[in-house]
Structures are given as structure tokens and as C-alpha cells.
Amino acid sequence: MAAISIVRSALAVALGMVATAVRADGDLVRFPEGYDKGVHYATVERGGIREELFTSREAIEAARSGRPLPSGTVITMEDHRDGKLFRYVVMEKRAGWGTRHPPELRNGEWEFQAFHPDQTVNRNETVTRCMTCHKSREHQDFLFTLDRMKAAQ
Ligand code: HEC
């Protein structure tokens, strides 16, 4: 019995360490499987760049009625360069998120992540840069395309 409980607590400690390591690494945002079954609410084109933006029906409804986007909202942007998928950038908002960042960086309850075309995390992108730029949109829930969401069908 004692041996089993030692194994159990060792396992609990190990699992706890894994959870902490993942958090410390900044990987709260997972690749949003099935994002393209949500609402495709905008396309942005600029030079050789084409971006396709997706979010949930719930987020679009909230934006249209002027309510804050709900906890659990995920926004996915496909970033195509010269006709080829270059990366994905994702924002996800959850109640209680964001507290790990200093106030000058924190974007409310949003967390950010970039992914390669094969959907693995893109470690070349520093999430601090995402947050610094999106921070300028604090008056619009840290979003650049809130107006496009409001106008979406
Ligand atoms: C230099 C400023 C800048 C940086 C850095 C930046 N973004 Fe953005 N982001 C924008 C702009 C501007 C848009 C609106 C689309 C457009 O015009 O390209 C946008 C749009 C988005 C959107 C769609 C929702 C919205 O805000 O409209 C997501 C999701 C997103 N960015 C995630 C990220 C992630 C993740 C990173 C970091 C890997 C990042 N962004 C870095 C400027 C930035």
C-alpha cells in the first residue's frame, strides 16, 4: 500500500511539473482544430500578403450587439505570402488568462500564439511582439478587425 501511494505521489509531482513547464513556455494557446468551420469574417490583402480571418458564431454575435467577446473566443488568421500558406496567428481569450503578464504588456485576458503551416508552434515568433502591437487596440478589445466582425453576416 505504502509503495503504491509513493508511486502515486511521485506521479502527481511529475504531472505537476509537466503542467508548470508547459505554462512557463507560454503554450496556453493550442492549434485551433476545425477553426475553418467557424465564421470566415474577413479577408485582408496587402501586396503579396493575403490574410483570412476566422472566429466563432458566438464571437460574431457578441461583436454585432456590442458585447465583450465571450470567454473561450478563438480568432485564427491564416497568413498567405505569394499564394502560399506562410503561418497561422491565433488569439484566444479565457476568463482568468493574462495575469502572468506585466500590466504594460497584458492584453486583457487574451493569449497569443503563432503556428507553422504544419500546425506546430512557431518559436521564431516572439509573443511579446504580438502583445506590444495589439496593446495599441486596448479600446477595441485588443483587436484590429473588430469592425469587420461587427459587419459580418
Ligand atoms: C506590428 C503590429 C502587429 C504585430 C507584431 C502582430 N499583429 Fe496581429 N494584427 C495586426 C494587424 C494590423 C491586424 C489586422 C489584419 C491586418 O491588417 O493585417 C492583426 C490581426 C490579428 C488577428 C486577427 C484579430 C484582430 O486583432 O484583428 C490575430 C488573431 C492576430 N493578429 C494575432 C497575432 C499574433 C499571434 C501575433 C504574434 C505572433 C501578432 N498578431 C503580431 C498587427 C500586428
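Nothing here was measured: the structure is a model prediction, and the numbers come from that model. Just so it is clear, the values below take in all heavy atoms, side chains as well, and ignore hydrogens, waters and symmetry mates. Just follow the structure's listing: the first ligand is 1, and inside any ligand the first atom is 1.
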Counting from 1, what ligand 1 atoms have a heavy atom of [X] closer than 4.0 Å?
X      : result
Thr145 : 14 (C), 24 (C), 25 (C), 27 (O)
Gln113 : 35 (C)
Val90  : 35 (C)
Arg129 : 5 (C)
Glu51  : 15 (C), 16 (C), 18 (O)
Leu53  : 23 (C)

Can a donor-acceptor pair be found, under 3.5 Å and without considering hydrogens, that links the side chain of [X] to the backbone of [Y]?
X      : Y      : result
Asp118 : Thr120 : yes
Lys135 : Asn107 : no
Arg64  : Ala152 : yes

Can you report which non-hydrogen protein atom sits closest to [atom], along with the distance?
atom                    : value
atom 22 (C) of ligand 1 : Met77 SD, 4.0 Å
atom 17 (O) of ligand 1 : Arg46 NH2, 2.7 Å
atom 28 (C) of ligand 1 : Met91 SD, 3.7 Å
atom 14 (C) of ligand 1 : Phe144 CB, 3.4 Å
atom 7 (N) of ligand 1  : His134 NE2, 3.1 Å

| query | Taking Phe115 as the fixed residue, which of Phe86, Phe31, Tyr88, Tyr35 is the one that meets the ring-ring contact (aromatic ring centres under 6.0 Å, His included) rule? | reply |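 Result: among Phe86, Phe31, Tyr88, Tyr35, Phe31 is the only option passing the ring-ring contact (aromatic ring centres under 6.0 Å, His included) with Phe115.
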| said: Heavy-atom pairs closer than 4.0 Å: do any link ligand 1 to the side chain of Arg137, the backbone, both, or neither? | reply: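 The answer is neither.
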Check whether any side-chain heavy atom of [X] lies under 4.5 Å from a side-chain heavy atom of [Y], and answer yes or no.
X      : Y      : result
Thr99  : Arg106 : yes
Phe112 : Val90  : no
Val89  : Asp79  : no

| query | Quick check: does Thr76 get an N/O under 3.5 Å from an N/O on ligand 1? | reply |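 Thr76 vs ligand 1: no N/O contact under 3.5 Å.
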| query | Taking N or O atoms only and a 3.5 Å limit, does Tyr41 qualify as a polar contact for ligand 1? | reply |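 No.
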| In terms of side-chain geometry, is the basic nitrogen of Glu111 or Arg100 positioned less than 4.0 Å from the acidic oxygen of its partner? |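 Yes, charged N to carboxylate O under 4.0 Å.
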| query | Thinking salt bridges, do Arg67 and Asp141 make one under a 4.0 Å N-O criterion? | reply |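 No, this pair does not count.
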| task | Could you pull out, from Cys130, Cys133, Ser136, the option with a heavy atom nearest to atom 37 (C) of ligand 1? | result |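 Checking each option, the heavy atom nearest atom 37 (C) of ligand 1 is found in Cys130.
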| Strictly under 4.0 Å, does any heavy atom of Arg148 approach an atom of ligand 1? |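 Distance cut 4.0 Å: Arg148 fails for ligand 1.
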| Under 3.5 Å, is there a donor-acceptor pair linking the side chains of Glu52 and His80? |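 No.
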